[in-house]
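Some notes on the structure that comes next.
Just so it is clear, the model here is predicted, and its values are computed rather than measured. Numbers here simply count residues along the sequence, with the first being 1.
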Amino acid sequence: MKKIAILSSLAVLALSACDAPAEEPPVAEEKLGDYNAIGTEPGWTVDIKGEDIALTSQDGKDFTLAVQRMKKTDDGWEIKGFSDLHNINIYITTGAECSDGMSDRVYADTVKVEASEHGTLTGCGGAFTESDAGPAA
């Protein structure tokens, strides 16, 4: 009798396993792609190419880090990189047009950068939307 009860339990477990939903494949993270941002007073640039973030600044405290995290948000993007010596957090607000204040160019995005040895930097990024010559072609 015990053998029948055990075999019946195993049969029920085996059949219930057939009803288990299949595991979903992991969701692929969206990638921003290559991206450039610029700021003035003090002058700086951030270039995201592949898996690297390069910060170049007027004061010469430049560094390059690997992208540790890239996340699409409701407003745009958050990108983070860090090492034993440096860290950088980049917040891109897409669709919030921005003027660099010096060239009369208007960019598609507003960018905030928090970087070691630089504090908080604000600027513009993405494609040009306008310039003193009119809308971008």
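No donor-acceptor pair under 3.5 Å is formed between the side chain of Thr40 and the backbone N or O of Gly43. Between the side chain of Asp47 and the backbone N or O of Ala37, no donor-acceptor pair lies under 3.5 Å. The backbone N or O of Glu117 sits nowhere less than 3.5 Å from a side-chain atom of His86 that would complete a donor-acceptor pair. Between the side chain of Thr129 and the main chain of Val106, a donor-acceptor pair closer than 3.5 Å is present. Although no hydrogens or angles enter the test, the distance criterion places no donor-acceptor pair under 3.5 Å between the side chain of Ser57 and the main chain of Trp44. Checking side-chain atoms of Thr93 against main-chain N and O of Ala96 turns up no donor-acceptor pair under 3.5 Å.
Every salt bridge (charged side-chain N to carboxylate O under 4.0 Å, His left out) that Lys112 has, sequence neighbours left out, goes to Glu114.
Checked by atom type, the side-chain pair Asp75/Tyr91 shows no donor-acceptor distance below 3.5 Å.
The two residues Asp109 and Gly95 make their nearest non-hydrogen contact at OD1-N, 3.2 Å.
Applying the disulfide (SG to SG under 2.5 Å) test to residues at least two apart or on different chains, none of the pairs has a partner in residues 51-91.
One hydrophobic cluster, built from ILVMFWY side chains closer than 4.5 Å, holds both Ile92 and Val67.
With contacts defined as side-chain heavy-atom distances shorter than 4.5 Å, the pair Asn36/Tyr107 does not qualify.
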